[in-house]
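Working notes, structure below.
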Amino acid sequence: MSSSGSSAFSEVNLKVAQAGEILGLKPGVISSLSSCEREVVISIPLRRGDDVEVLTGYRVQHSSARGPRKGGIRFHQDVDLDEVRALASLMTWKTALIDVPFGGAKGGVAVDPAKLSPIEKEEVIRRWTRSLVHVLGHHRDIPAPDMGTDAQSMAWLMDEFHRLEGFQPACVTGKPVQLFGAPGREEATGRGVARIAAETLKQNDVKVKGATVAIQGFGNVGRFAALVCQELGMKVIAVSDVSGGIHDKKGIDIESIFHVKTLAEVESDNRIGASEVLEIECDVLIPAALGGVINEKNVSQINATFIVEGANQPITHTADRELRTQGVIIVPDILANSGGVMGSYFEWTQNIQEFSWPVDKFRRELDTRMEKAFGNVNKVSRKFSVDLRTAAFIVSVERVAGAFELRGSLV
Ligand code: NAD
């Protein structure tokens with residue numbers, strides 16, 4: 001459930017239906033695009049001391065109309081089937097929007113990753129893989145990291161998959177560079193978010209150099225977004241993670257704090273709360289932690305001109321409408337954070353060809369393709385006189401519906 005009380009999956013489907021109606025799709029096609037092809041729920045018994053705790057795990061495959069399903073695995077205590085459905089569906093729209101040959105999927109385990117020892121985490125990943133191996137594979141469904149999982153988790157997943165199915169490094173992306181990972185993949189989501197932030201400023205005649213940025217989340221996405229925003233000349237004035245945050249109007253030196261485990265380790269006279277960062281006055285706000293963090297409770301406190309969605313679904317449907325009325329320009333998740341799956345696509349193709357790109361080529365390709373997707377969404381937004389989120393859904397729904405119809409609805 002989103003914090004507005006409506007389901008996260010139904011919020012995505014509202015956008016799908018809206019885009020489908022604008023495109024004149026048949027109601028049956030819209031319903032098909034609003035359902036998931038396959039949903040698997042598993043139990044994961046985990047040895048804890050001399051007892052066993054049973055965790056619940058998920059893999060939801062939303063669509064394979066445009067290619068093998070693709071999507072991350074989230075470890076978080078609030079993971080449930082509705083959230084995984086919503087995230088799986090967002091992957092379908094994201095991969096279509098950036099025009100890579102994938103469908104959409106998502107997985108998760110309802111567990112607080114901070115309460116798992118490394119050995120327990122490895123056991124959960126291996127068990128998740130064993131239980132789901134029949135629906136996974138480099139031409140079926142390819143997992144990747146998400147909140148609470150990382151490159152090491154993907155290495156365990158690949159190893160378990162190899163034991164069961166033989167050598168197939170393209171079965172998972174986001175792996176360590178020493179183990180078939182692509183140099184550049186780890187930073188790709190945050191890099192894409194920062195590049196899109198810069199493009200948004202330029203498009204709206206705001207100078208990139210010196211533009212102020214506030215970021216919620218200092219994990220994979222938030223950290224690299226902060227670093228690349230700084231490299232591009234923006235001034236990051238606030239960052240926060242689950243432990244709280246820091247605010248400095250003069251700008252924070254991101255390089256100096258990049259490697260901290262949590263922001264609690266950073267000495268600062270200007271500490272703020274974890275959610276306070278959302279209310280800081282700034283040009284660009286980047287929510288890069290949880291879903292539903294901008295909602296009816298705090299929407300009137302938002303003080304940003306632009307919001308670039310690093311996280312998936314950080315703004316509820318109602319808050320989105322309210323912000324647009326206030327004139328805030330929102331770059332939607334399926335565009336803003338698509339650098340991750342773009343990078344995964346590069347890793348997957350390189351694994352299949354058993355070939356590796358240098359990181360410069362990876363970055364160049366990523367930047368060029370992200371800018372192309374951004375330009376296309378802007379063009380459609382002007383053509384239909386709609387906001388960027390609606391425009392992004394128009395582009396992707398048209399592509400997925402086209403593939404669905406051409407394949408004879410048999411996917
Ligand atoms: P992560 O686990 O690496 O980091 C999450 C960060 O959020 C951490 O810094 C954590 O402390 C912080 N956080 C958690 N609860 C918080 C709270 N209540 N207030 C403030 N901060 C809080 O996760 P990630 O991979 O960076 O993913 C972040 C978001 O981006 C998720 O919504 C994810 O779905 C989305 N995303 C990730 C990728 C990717 O490639 N990793 C790709 C696309 C989208």
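Order of appearance sets the numbers: ligands from 1, and atoms from 1 within every ligand.
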Which is closest to [atom] in terms of heavy atoms, [options]?
atom                    : options                : result
atom 30 (O) of ligand 1 : G310, G343, G222, S344 : G310
atom 37 (C) of ligand 1 : T173, L278, V221       : V221
atom 19 (N) of ligand 1 : A274, G217, P113       : A274
atom 8 (C) of ligand 1  : G245, G219, P145       : G219
atom 13 (N) of ligand 1 : A311, A225, G72, A289  : A289

Closer than 4.0 Å to some heavy atom of [X] - which atoms of ligand 1 meet that?
X    : answer
G148 : 2 (O)
R185 : 40 (O)
Q216 : 19 (N), 20 (C)
T189 : 38 (C), 39 (C), 40 (O), 42 (C), 43 (C)
R74  : 31 (C), 32 (O), 33 (C), 34 (O)

Identify, for [atom], the protein heavy atom at the shortest distance, and state residue, atom and that distance.
atom                    : value
atom 9 (O) of ligand 1  : F218 N, 3.0 Å
atom 23 (O) of ligand 1 : M147 CG, 3.3 Å
atom 33 (C) of ligand 1 : D146 OD1, 3.2 Å
atom 11 (O) of ligand 1 : V242 N, 3.0 Å
atom 21 (N) of ligand 1 : D241 C, 3.2 Å
atom 3 (O) of ligand 1  : N220 N, 3.0 Å

Decide whether an N or O pair under 3.5 Å exists between [X] and ligand 1.
X    : result
N337 : no
S240 : no
K106 : no

Quiz prompt | Region of L290 that comes within reach of ligand 1 [heavy atoms, distance under 4.0 Å] | solution =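 For L290, only side-chain atoms sit under 4.0 Å from ligand 1.
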Quiz item: What do you reckon, does H76 put a non-hydrogen atom under 4.0 Å from ligand 1?
Solution: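 No, H76 has no heavy atoms under 4.0 Å from ligand 1.
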Quiz item: Below 4.0 Å from any atom of ligand 1, is there a heavy atom belonging to A288?
Solution: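 Yes; A288 lies near enough to ligand 1 that a heavy-atom distance drops under 4.0 Å.
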Which atom pair, heavy atoms only, marks the closest approach of [X] to [Y]?
X    : Y    : value
A214 : I280 : CB-CB, 4.3 Å
R66  : A403 : CG-CB, 3.8 Å
I125 : T129 : O-OG1, 2.7 Å
I252 : Q230 : O-OE1, 3.0 Å

Quiz prompt | Check against side chain to side chain donor-acceptor pair (under 3.5 Å), S275 and Q216 | solution = CA-CA 7 Å; S275 328; Q216 186 193 46; 4.8 Å; no
Quiz item: Do any N or O atoms from the side chain of S344 and from the backbone of T173 form a donor-acceptor pair under 3.5 angstrom?
Solution: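 Checking the backbone N and O of T173 against the side chain of S344, no donor-acceptor pair under 3.5 Å is found.
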Quiz item: For the side chain of T95 and the backbone of M91, is there at least one donor-acceptor N/O pair under 3.5 Å apart?
Solution: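 Yes.
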Quiz prompt | Residue pair E199 / Q203, side-chain donor-acceptor N/O under 3.5 Å | solution =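 Absent: no donor and acceptor within the cut-off.
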Exercise. For the residue pair F258 and F218, categorise the inter-ring angle as parallel (less than 30°), tilted (30 to 60°) or perpendicular (more than 60°).
Key: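 If you compare the ring of F258 with that of F218, the planes turn out perpendicular.
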Quiz item: Between W357 and F362, what is the ring plane arrangement, given parallel below 30°, perpendicular above 60°, and tilted in between?
Solution: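 W357 and F362: perpendicular rings.
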Quiz prompt | R363/E187 under salt bridge (Lys or Arg N to Asp or Glu O under 4.0 Å): CA gap, chis, key distance, verdict | solution = CA-CA 9 Å; R363 288 182 180 146; E187 68 184 40; 2.7 Å; yes
Practice problem: Could you check R389 against E309 for salt bridge (Lys or Arg N to Asp or Glu O under 4.0 Å), going step by step and ending with a plain yes or no? | Solution: CA-CA 11 Å; R389 192 185 310 279; E309 295 185 332; 2.8 Å; yes
Exercise. Kindly state whether the ring of F180 and the ring of F167 have centres lying under 6.0 angstrom apart.
Key: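 Centroid distance F180-F167: below 6.0 Å, so yes.
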